[in-house]
Each structure stands twice: as structure tokens, then as C-alpha cells.
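Remarks on the structure that follows.
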Amino acid sequence: MSEVYAARRTRLRERCNAGGSAAALVSRPANVRYLAGAAPHGAVLLLGKTEDLLVCSGPRDDRQADGVRPDDSLPVRALPGPGGDPAVAATGLAAAQGAESLATEDHHLTVVRHRAMRSVAPRLRLTDLGQAVEQLRVVKDEEEISCLRIGAEIADQALGELLESILVGRTERHLALELERRLVDHGADGPAFSTSVGTGPNSGRRGHRPTDRRVEEGDFLSVCLGATYRGYRCEIGRTFVIGTSPADWQIELYDLVFSAQRAGREALAPGAACRDVDRAARQALDCAGYAENLPTLTGHGVGLEIDEDPQLAPAAMGKLDACVPVTVEPGVHLPGRGGVRIDDTLVVRPEADGGPELLTITTKELLAL
């Protein structure tokens with residue numbers, strides 16, 4: 001992997017040089033991970049004028065729970081004592097290398113930290129790197145996609161096993177904890193985010209935090225979970241009916257959301273505008289009168305973080321590229337009644353390669369459990 005990390009740093013350096021900066025300081029943890037592999041908590045990456053360095057507050061521990069190794073070709077500078085700030089130390093090192101300017105991730109730095117960096121190298125001009133690394137992370141290589149694919153398989157397994165158990169009488173909170181345990185049992189680093197389980201009037205709510213409400217006969221049960229595998233995070237969401245044949249209004253609402261989700265999935269293609277994918281999924285729900293009950297976006301990118309660019313939303317700018325993993329997750333929540341959410345993780349692929357690759361394959365049939 002060392003050559004992969006080195007190539008990523010080269011791409012970032014080219015962007016920095018084009019922006020007039022010969023050095024850059026990367027401090028956001030997911031970005032450090034992307035460019036340097038495994039790194040200690042709080043470590044920063046200096047793309048220096050003469051040498052790249054991983055700067056950390058203590059000795060690097062290569063033992064990583066998720067199996068990801070560091071870039072062994074990258075020199076490490078460990079601060080001599082506790083309490084030092086790697087970002088401040090890296091700023092001083094950049095100045096010592098003769099850099100005249102240093103591009104920093106201002107969206108991640110606090111004001112206090114930024115001031116400390118200025119004070120250690122007052123002649124060094126600090127510029128904003130912006131979200132250059134996040135932009136590089138949007139398109140994934142096949143190794144990254146493989147990690148997402150395995151994470152999706154783990155999430156599918158955990159969800160499938162839950163559906164085979166008795167659900168009536170159990171609480172949302174208990175079901176969420178069981179799902180997270182099953183993710184780890186099947187090889188995940190851990191959950192990709194806090195697992196959401198909603199029953200009855202809580203079903204279909206985006207980001208619902210599980211409560212002590214118990215599953216009852218006739219409830220909608222909506223579940224949204226994700227697995228992290230080797231640092232990469234995927235997402236799946238499904239909705240079911242508990243213990244009995246679904247009511248007419250449940251079938252109607254489910255079929256509507258399913259058709260919207262299918263339209264969004266089918267709109268995924270290299271060159272497709274992000275807002276057009278959102279519109280494809282949203283149109284049927286809008287026409288059915290549910291505009292006020294819809295989430296603000298239809299989907300988003302995934303990777304080292306669960307919510308990355310691109311955003312599939314009405315005002316989103318930009319177009320999709322091949323090898324970009326995204327979620328498509330329309331849903332409708334009716335206050336006091338509940339709702340439906342269907343959520344898949346897919347990889348954008350050209351039509352010649354079979355179109356969008358579906359990573360999460362648990363059935364989307366409306367099952368009565």
C-alpha cells in the first residue's frame with residue numbers, strides 16, 4: 001500500500017503547487033488515514049518542501065485493530081514529551097524546511113490552534129487548503145471498493161440473522177444493540193454509525209435514536225445500520241411489517257417509496273448531475289403529496305466517513321464519476337403513524353460495466369416478520 005499512499009500524496013502536492021503553496025498540513029483524521037495509512041490518534045501529516053513527515057505526540061503503534069498498516073516509507077517525527085500539539089510542531093518543521101507558505105485544513109482547525117501555529121512560525125504564510133483531500137477521496141480505487149463490499153456483506157448478514165429471530169415485545173434499543181454485536185461477530189471493526197431502529201410511529205424517521213418502545217403486532221419496523229471494515233463505512237436501511245399482513249396504507253406507502261428508491265438507483269451513472277438523481281427519487285413522492293415529509297437529501301457518498309461528498313440533494317452541484325460509492329435512501333415519515341425508509345449503498349459504474357453496482361443485497365420485498 002505504500003505506493004498507493006505515495007501516489008495520493010503526489011496528487012495532493014500537485015494541487016497545492018497549482019495553488020501556490022509548496023507545503024501542506026493535513027490534520028483531519030480521515031484525511032491523514034487516506035494519505036498515510038494507520039496513524040496514532042491526533043497525528044498530522046506534513047507534506048513538506050523537502051520531506052513528508054507524519055508528526056505525532058508519541059511513538060507510533062503499528063498494531064491496528066482493523067488490520068490497516070501505516071505507510072512504512074513515511075518518516076515519523078514523535079514529539080519528545082506529552083502535551084505537545086503535532087500541528088504546531090509540524091508548522092515549525094515546515095518553516096525549518098524553508099517553506100514560505102503552508103496550506104492548512106482551516107475547516108478542521110480551531111482558532112486557538114491556528115493562532116498557536118502562527119506564533120511558532122510568524123514568517124510562514126498560512127493559506128487554506130480547503131477540502132482538497134476530501135475531493136480526492138470522492139473517487140475510490142478498487143481496493144477501497146472491496147472494503148466497502150465486504151462491509152456491506154457483513155451488514156447484510158447481521159440484518160438477515162435478526163429477521164430470523166422473534167421480534168415482538170423487544171425494544172428498539174435492544175434490537176439496535178444486538179445488530180451492532182452481530183456486526184462485530186461477523187468481522188466488522190464496529191458499526192459505521194449509531195444503529196437506528198424505529199417501530200410503529202417511530203418508523204421511517206431518518207436518524208431516529210432507538211427508544212424503549214417495544215415492537216408490537218402490525219408495526220412498521222425500520223432499521224438502518226452500517227458496518228465499518230478496514231476503516232470504510234457502508235449503509236443499509238430496510239422496512240418491514242411485524243407479525244401480520246400489512247394494512248392497505250402500509251402497502252401503498254411502501255410501494256411508493258420503493259419505486260422512488262428504484263428511480264434513484266437507476267439514475268446513477270457517470271456524468272449524471274447529483275441534483276438529477278435526487279429529483280428522480282423525489283419526483284414520485286412529491287407528486288403523491290409527501291413533499292413536506294421528505295428528508296433534505298436522497299443520498300450521499302460513503303467511504304472513510306459515513307457522510308461524504310457527493311451529496312444527492314435538490315441544490316447539489318456537480319456530476320457523478322465512475323467508482324463513486326453513494327447511498328440512495330428516500331423515505332417518508334408520517335407523524336403519529338410511522339413510515340418507510342429504503343437505503344442501499346451502490347457504486348457508480350458505466351453502463352458498459354453493468355451499470356450501478358449494488359453492494360447491499362438484503363431483499364427489498366415488504367416482508368411480514
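Quantities reported herein were computed from a predicted structural model and do not represent experimental measurements. Residues: numbered from 1 along the sequence shown. In what follows, every heavy atom counts, from backbone to side chain, and hydrogens, waters and symmetry copies are set aside.
- At least one donor-acceptor pair closer than 3.5 Å links the side chain of Gln261 to the backbone N or O of Val328.
- Contact check for Leu312 versus Thr327: no side-chain heavy atoms found under the 4.5 Å cut-off.
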side-chain contact (heavy atoms from CB on, under 4.5 Å) for Leu45 and Arg9? Distances and angles first, verdict last. CA-CA 10 Å; Leu45 174 66; Arg9 293 196 296 273; 3.9 Å; yes
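- Between Asp344 and Leu359, the closest side-chain pair of non-hydrogen atoms is not below 4.5 Å.
- Considering every non-hydrogen atom in both Leu129 and Cys16, the closest pair reads CD1-SG, 3.7 Å.
- Annotation for Ile251: atom CD1 counts as buried by contact number, over 12 foreign heavy atoms lying within 6.0 Å.
- With rounding to the nearest 0.5 Å, the separation of OG1 in Thr10 from CZ in Arg15 is 13.5 Å.
- Leu25 places none of its side-chain heavy atoms less than 4.5 Å from the side chain of Leu109.
- The hydrophobic cluster containing Val88 also contains Leu53, counting ILVMFWY residues as joined when their side-chain heavy atoms lie under 4.5 angstrom apart, directly or transitively.
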Solution key, residues 114-121 side-chain donor-acceptor pairs under 3.5 Å, sequence neighbours excluded:
{"residue": "Ser119", "atom": "OG", "partner": "Ala116", "partner atom": "O", "Å": "2.7"}

| field | Full working for side chain to side chain donor-acceptor pair (under 3.5 Å) between Glu235 and Thr345 | value | CA-CA 6 Å; Glu235 183 173 334; Thr345 299; 6.0 Å; no
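- Checked by atom type and distance alone, the side chain of Gln135 never pairs as donor or acceptor with a backbone atom of Gly130 at under 3.5 Å.
- Using a cutoff of 4.0 Å between basic side-chain nitrogens and carboxylate oxygens, Asp278 and Arg275 are not scored as salt-bridged.
- Between Cys224 and Arg341 the shortest heavy-atom distance is SG-NH1, 3.7 Å.
- In this structure, the separation between CD on Glu134 and CG on Asp309 is 8.0 Å, given to the nearest 0.5 Å.
- Phe220 meets the ring-ring contact (aromatic ring centres under 6.0 Å, His included) test with Trp249; sequence neighbours excluded.
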Asp141 vs Arg8, salt bridge (Lys or Arg N to Asp or Glu O under 4.0 Å): CA-CA, chis, key distance, verdict: CA-CA 11 Å; Asp141 61 35; Arg8 292 171 180 175; 3.2 Å; yes
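- Checking side-chain atoms of Lys49 against main-chain N and O of Ala99 turns up no donor-acceptor pair under 3.5 Å.
- Within the 4.5 Å cutoff, no side-chain heavy atoms of Thr199 are placed close to those of Ile242.
- Using a 4.5 Å heavy-atom threshold, the side chains of Val76 and Cys56 count as touching.
- The side-chain heavy atoms of Pro270 and Val348, taken from C-beta on, include a pair separated by under 4.5 Å.
- In this structure a side-chain-to-backbone donor-acceptor pair under 3.5 Å is missing from Asp219 to Leu221.
- To the nearest 0.5 Å, atoms OG (Ser222) and NE2 (His333) are separated by 8.5 Å.
- Residue Ile342 holds its CD1 atom at 12.5 Å from OG1 of Thr362, rounded to the nearest 0.5 Å.
- Across all their heavy atoms, Leu74 and Ala36 have their closest contact at CD2-CB, 3.6 Å.
- A pairwise comparison of heavy atoms in Val277 and Ala272 identifies CG2-CB, 4.4 Å as the closest pair.
- At most 12 non-hydrogen atoms from other residues, nucleotides or ligands lie less than 6.0 angstrom from NE2 of His174.
- At most 12 heavy atoms of other shown residues, nucleotides or ligands fall within 6.0 angstrom of atom CZ in Arg77.
- Linking Ile, Leu, Val, Met, Phe, Trp and Tyr whenever their side-chain heavy atoms come within less than 4.5 Å leaves Leu268 and Leu297 in two separate clusters.
- Residue Val326 is not grouped with residue Ile306 when hydrophobic side chains (ILVMFWY) are merged at heavy-atom distances under 4.5 angstrom, including chains of intermediate members.
- If you run side chain to side chain contact (heavy atoms under 4.5 Å, CB included) between Asn31 and each of Leu136, Val133, Leu12, only Val133 comes through.
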Start with the C-alpha distance between Leu167 and Phe240, add both sets of side-chain angles, then the distance that settles side-chain contact (heavy atoms from CB on, under 4.5 Å), and finish with yes or no. CA-CA 11 Å; Leu167 301 177; Phe240 310 96; over 6 Å; no
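- Leu159 contributes atom CG, which lies 10.5 Å from atom OG1 of Thr195 (distance to the nearest 0.5 angstrom).
- Applying salt bridge (Lys or Arg N to Asp or Glu O under 4.0 Å) to Glu357 and the options Arg149, Arg265, Lys140 leaves one that passes, Arg149.
- Environment of NZ in Lys364: crowded, with over 12 heavy atoms of neighbouring residues, nucleotides or ligands closer than 6.0 Å.
- Two residues are said to be in side-chain contact when any heavy atoms from C-beta on lie closer than 4.5 Å; Arg213 and Pro201 meet this criterion.
- Residues Glu51 and Pro75 share a closest heavy-atom pair of OE2-CG, 3.5 Å.
- Between Leu126 and Leu102, the closest side-chain pair of non-hydrogen atoms falls below 4.5 Å.
- In the hydrophobic cluster analysis, where Ile, Leu, Val, Met, Phe, Trp and Tyr join through side-chain heavy atoms closer than 4.5 angstrom, Val55 is grouped apart from Leu35.
- With Ser196 contributing its side chain and His208 its backbone, the two residues share a donor-acceptor pair below 3.5 Å.
- In this structure, Glu100 places its CD atom where only 12 or fewer heavy-atom neighbours from other residues, nucleotides or ligands lie under 6.0 Å away.
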Query - Leu253 vs Leu334, side-chain contact (heavy atoms from CB on, under 4.5 Å): CA-CA, chis, key distance, verdict - result: CA-CA 10 Å; Leu253 185 60; Leu334 306 178; 4.1 Å; yes
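- Residue Glu161 qualifies as enclosed at atom CD: its count of foreign heavy atoms under 6.0 Å is above 12.
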inquiry  = The test is side-chain contact (heavy atoms from CB on, under 4.5 Å); show your working for Leu294 and Val332 and say whether it passes.
reply    = CA-CA 6 Å; Leu294 303 184; Val332 173; 3.6 Å; yes
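- Nearest approach of Arg233 to Leu304, heavy atoms of both residues: NE-O, 3.2 Å.
- Atoms CG and CD1, on Leu369 and Ile166 in that order, are 12.0 Å from each other to the nearest 0.5 Å.
- Residues Leu346 and Val324 share a hydrophobic cluster, clusters being chains of Ile/Leu/Val/Met/Phe/Trp/Tyr side chains in contact below 4.5 Å.
- For the side-chain hydrogen bond (donor to acceptor under 3.5 Å, both in side chains) criterion with His300, the lone passing option out of Gln311, Glu305, Glu329 is Glu329.
- Salt bridge absent: Arg28 and Glu308 never bring a charged side-chain N and a carboxylate O closer than 4.0 Å.
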